Amino acid sequence: QVQLVESGGGLVQAGGSLRLSCTASGRMFSRYAMGWFRQAAGKEREFAATITRSGAGTYYADSVKGRFTISRDNAKNTVYLQMNSLSPEDTAVYYCAASTFYDRSWSVPDYDTWGQGTQVTVSS
């Protein structure tokens, strides 16, 4: 089973950018669809973006569409989330997740492996 480690979070001013990375250990990274979710304090975890196993398909929540870009490098076992035009509403813990059975999903239960999360804080 794959293990996931996120990095790249931090504090940024509104309008700024961050790039999150999620590196997987274990084998056959390309067998997993990957997703990014986020959870703000006191709120439920919500979908942000997902990318298919091959990387050919990407899908976004309406709240991040046009500002965030998900990508993957299967040779490096890494998925990225480029976040631009950040606003305080984007403040959350960001989690990457792997789905064994679904090549496209925005549903938390469809992902069976999760990273520990990385904090993103956007100041106004």
Side-chain angles (χ1 to χ4, degrees):
Q1 188 175 4
V2 68
Q3 291 86 43
L4 305 174
V5 178
E6 301 99 334
S7 61
L11 174 65
V12 64
Q13 289 188 332
S17 299
L18 281 175
R19 188 175 82 154
L20 305 182
S21 299
C22 173
T23 300
S25 62
R27 302 176 64 184
M28 307 304 290
F29 176 70
S30 61
R31 287 190 175 180
Y32 300 91
M34 299 298 297
W36 284 98
F37 292 75
R38 63 186 186 181
Q39 187 167 16
K43 296 187 177 181
E44 293 187 352
R45 193 168 300 188
E46 66 175 14
F47 167 75
T50 186
I51 189 166
T52 57
R53 296 181 183 97
S54 68
T58 57
Y59 306 90
Y60 299 92
D62 288 343
S63 58
V64 308
K65 197 174 297 181
R67 300 187 300 121
F68 290 11
T69 302
I70 188 171
S71 61
R72 67 189 296 163
D73 185 337
N74 285 346
K76 295 182 178 180
N77 282 12
T78 301
V79 62
Y80 304 97
L81 187 67
Q82 177 67 45
M83 305 186 295
N84 299 328
S85 301
L86 286 162
S87 72
E89 289 70 33
D90 296 313
T91 295
V93 177
Y94 283 72
Y95 298 89
C96 74
S99 179
T100 302
F101 300 109
Y102 298 87
D103 201 28
R104 182 186 70 179
S105 175
W106 40 84
S107 177
V108 169
D110 291 343
Y111 289 81
D112 41 273
T113 303
W114 293 81
Q116 83 288 349
T118 185
Q119 176 71 47
V120 171
T121 303
V122 184
S123 63
S124 58

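Remember, it's a predicted structure, so these values are computed and weren't measured experimentally.
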Exercise. Check the pair D90, R38 against side chain to side chain contact (heavy atoms under 4.5 Å, CB included), reporting the backbone distance first and the verdict last.
Key: CA-CA 9 Å; D90 296 313; R38 63 186 186 181; 2.8 Å; yes

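- Expressed to the nearest 0.5 Å, how far OG1 of T121 lies from CG of L11 amounts to 6.0 Å.
- Put simply, L20 and I70 are part of the same group of oily side chains (I, L, V, M, F, W, Y) that touch within less than 4.5 Å, one to the next.
- Between the side chain of R72 and the main chain of G55, no donor-acceptor pair closer than 3.5 Å is present.
- Residues Q119 and T91 meet the side-chain proximity criterion, which asks for heavy atoms closer than 4.5 Å.
- Side-chain contact between L4 and Y95 is absent, with no heavy atoms from C-beta onward closer than 4.5 Å.
- Using modelled atom types, no side-chain atom of Q39 and backbone atom of A92 make a donor-acceptor pair closer than 3.5 Å.
- In this structure the side chain of L81 reaches within 4.5 angstrom of the side chain of F68, judged on heavy atoms.
- Proximity of a side-chain donor or acceptor of R104 to a complementary backbone N or O of A33 within less than 3.5 Å is not detected.
- The cluster map of Ile, Leu, Val, Met, Phe, Trp and Tyr, joined by side-chain heavy atoms under 4.5 Å apart, puts W106 and V79 in different clusters.
- With hydrogens and angles disregarded, no donor-acceptor distance shorter than 3.5 Å links the side chain of S30 to the backbone of N74.
- The heavy-atom pair separating P88 from A14 by the smallest distance is CD-CB, 4.2 Å.
- Linking Ile, Leu, Val, Met, Phe, Trp and Tyr residues whenever their side-chain heavy atoms come within less than 4.5 Å leaves Y59 and Y80 in two separate clusters.
- Taking every heavy atom of both residues into account, L86 and L18 meet most closely at CD1-N, 3.9 Å.
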Self-check item: side chain to side chain contact (heavy atoms under 4.5 Å, CB included) between T113 and Q3, intermediate numbers included
Solution: CA-CA 7 Å; T113 303; Q3 291 86 43; 5.9 Å; no

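- With contacts defined as side-chain heavy-atom distances shorter than 4.5 Å, the pair M83/V64 does not qualify.
- Taking 4.5 Å as the limit, every side-chain heavy atom of S21 sits out of range of all side-chain heavy atoms of K76.
- Across all their heavy atoms, F47 and S105 have their closest contact at CE1-O, 3.9 Å.
- Taking the side chain as every heavy atom from C-beta outward, Y102 and T50 never approach each other to under 4.5 Å.
- For the residue pair N77 / T23, no side-chain donor-acceptor distance below 3.5 Å is found, with atom types taken as modelled.
- For W114 and F37, the ring centers are positioned less than 6.0 Å apart.
- What you find for A98 and M34 is that their closest heavy atoms are CB-SD, 3.6 Å.
- Shortest non-hydrogen contact noted between R53 and T100 is NH2-O, 3.0 Å.
- When all heavy atoms of D73 and F29 are compared, the pair lying nearest together is O-CE2, 4.2 Å.
- A donor-acceptor pair is defined here as one N or O able to donate and one able to accept, closer than 3.5 Å; such a pair exists between the side chain of E6 and the backbone of C96.
- Hydrophobic clustering (side-chain heavy atoms under 4.5 Å, transitive across Ile, Leu, Val, Met, Phe, Trp, Tyr) keeps Y111 apart from Y94.
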